[in-house]
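Comments concern the structure below.
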Amino acid sequence: RMCDHDHGGGGGCSHSAQDLPPESIIEGVRYDMMRAIDLDKVSILNEASPNSGPLFLKEWDDRMDKTGFLESDADEELLINLPFSGSVRINGLCLIGEEGEQCPARLRLFKDREGMSFDDAAGLQPEQEIDLKADPTGSVDYPLKASKFNSLSHLTIHIDRNFGGDTTKLYYLGLRGEYLGDFRQKVVIATYEARAIPKDHKGTIPDGKTSDIF
């Protein structure tokens, strides 16, 4: 099902919401990027209960467990800051919201903008906007723009509207993609001592040393 409308600017909504085939729903191997999220550093603005991150960033097999959820507080908006433990590529997402008016209706996605506020989100053009369907089983896949999310270390998700409820309720958010590398991967470089190179050793590095950059 194509969504060809444009919200204006470079962050238009050019996605295709696809119903997943039954075998993908059963296997659940597509949505495993929650393991790459640094859960201790997740921050959520306007959450009704503090530290709700682990409650909706579940494993796929636990997606229908409704004992844990994220709910907004003062109004329907939520701002979810997701830092990853390394560089990742995100290809798509799915989510499960509350049935009825509390279900999220739109996502605005921002790449590599840590610590965003609602004012930031209101004033910036997102990399992508996605109009959502009411999906109580996580059976709809929302592809992300490959040109925008092929390499990132932080994803901010702004839920700015629902289907008419006073608050928004989210049971599950799943991301599919690829883990590209650890931030702490060592890079070995040669360091040069600040002295003249002897003529008979021209072109060599005297007393070459290596350093680790993190």
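As the structure is a prediction and not an experimental result, all values here were calculated from the model. Hydrogens, waters and symmetry mates play no part in the numbers below; they use all other heavy atoms, side chains included.
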Spacing of Ile159 atom CD1 and Arg161 atom CZ [to the nearest 0.5 Å]: 12.5 Å

Any donor-acceptor N/O pair, Ser49 side chain to Ser52 backbone, under 3.5 Å: no

Nearest heavy-atom neighbours spanning Gln128 and Pro143: NE2-O, 3.3 Å

Side-chain heavy atoms of Leu144 within contact of Asn91, under 4.5 Å: no

Phe163 to Gly100 - nearest heavy-atom pair and separation: CB-O, 4.0 Å

In one Ile/Leu/Val/Met/Phe/Trp/Tyr side-chain cluster, 4.5 Å: Ile157, Val140: yes

Face-on cation placement of Lys58 at Tyr172 ring, 6.0 Å and 45° thresholds: no

Ser117 and Asp119: side chain donor to acceptor below 3.5 Å: no

From Phe56 atom CZ to Leu78 atom CG, the distance as rounded to the nearest 0.5 Å: 8.0 Å

Heavy atoms of other groups near Asn51 CG, more than 12 under 6.0 Å: no

Short side-chain to backbone donor-acceptor contact, Asp135 and Gly138, under 3.5 Å: yes

Minimum-distance pair of heavy atoms, taken over all atoms of Asn162 and Thr167: ND2-O, 3.0 Å

Phe118 with Leu107, same ILVMFWY side-chain cluster at under 4.5 Å: no

4.5 Å side-chain heavy-atom contact, Ser151 and Leu180: yes

Asn46 (side chain) donor-acceptor with Glu77 (main chain) under 3.5 angstrom: yes

Euclidean distance, Arg113 CZ relative to Leu124 CG, rounded to 0.5 Å: 4.5 Å

Residue pair Asn81 / Thr156, side-chain donor-acceptor N/O under 3.5 Å: yes

More than 12 heavy atoms from other groups under 6.0 Å of NZ on Lys41: no

Inter-residue atom distance Ile130.CD1 - Leu95.CG, 0.5 Å rounding: 8.5 Å

Side chain proximity check, Asp112 to Ser153, heavy atoms < 4.5 angstrom: yes

Step-by-step side-chain contact (heavy atoms from CB on, under 4.5 Å) determination, Asp141 to Arg176: CA-CA 10 Å; Asp141 178 76; Arg176 62 178 173 86; 2.8 Å; yes

hydrophobic_cluster_shared for Leu152 and Tyr179, side chain cutoff 4.5 Å: yes

Nearest heavy-atom neighbours spanning Met116 and Leu45: O-CD1, 3.6 Å

Contact check, side chains of Tyr171 and Pro136, non-hydrogen atoms, under 4.5 Å: no

Lys/Arg-Asp/Glu bridge criterion (N-O < 4.0 Å) met for Arg108, Glu127: no

Beyond-backbone contact of Leu93 with Tyr142, side-chain heavy atoms, under 4.5 angstrom: yes

Distance, nearest 0.5 Å, that separates CG of Leu82 from CG of Leu57: 6.0 Å

Between CZ on residue Phe149 and CG on residue Leu175, distance to nearest 0.5 Å: 10.5 Å

Nearest atoms (heavy-atom pairs only) where Gly97 meets Pro104: CA-CD, 3.9 Å

No-hydrogen, no-angle side-chain donor-acceptor test under 3.5 Å, Glu71 and Gln102: yes

Any side-chain heavy-atom pair of Leu155 and Phe84 under 4.5 Å: yes

Leu70 vs Ile80 side-chain heavy atoms within contact, under 4.5 Å: yes

Asp166 vs Glu101 side-chain heavy atoms within contact, under 4.5 Å: no

CD (Glu99) with more than 12 external heavy atoms under 6.0 Å: no

Aromatic ring pairing Tyr31/Trp60, orientation class (parallel under 30°, perpendicular over 60°, tilted between): parallel

Cluster overlap Met64 with Phe69, hydrophobic side-chain contacts below 4.5 Å: yes

Main-chain N/O of Phe110 paired with Lys148 side-chain donor or acceptor, under 3.5 Å: no

Heavy-atom closest contact (Gly177 atom, Met33 atom, distance): N-CG, 3.4 Å

Passing candidate, side-chain contact (heavy atoms from CB on, under 4.5 Å) with Ile37, options Val42, Leu173, Val88: Val42

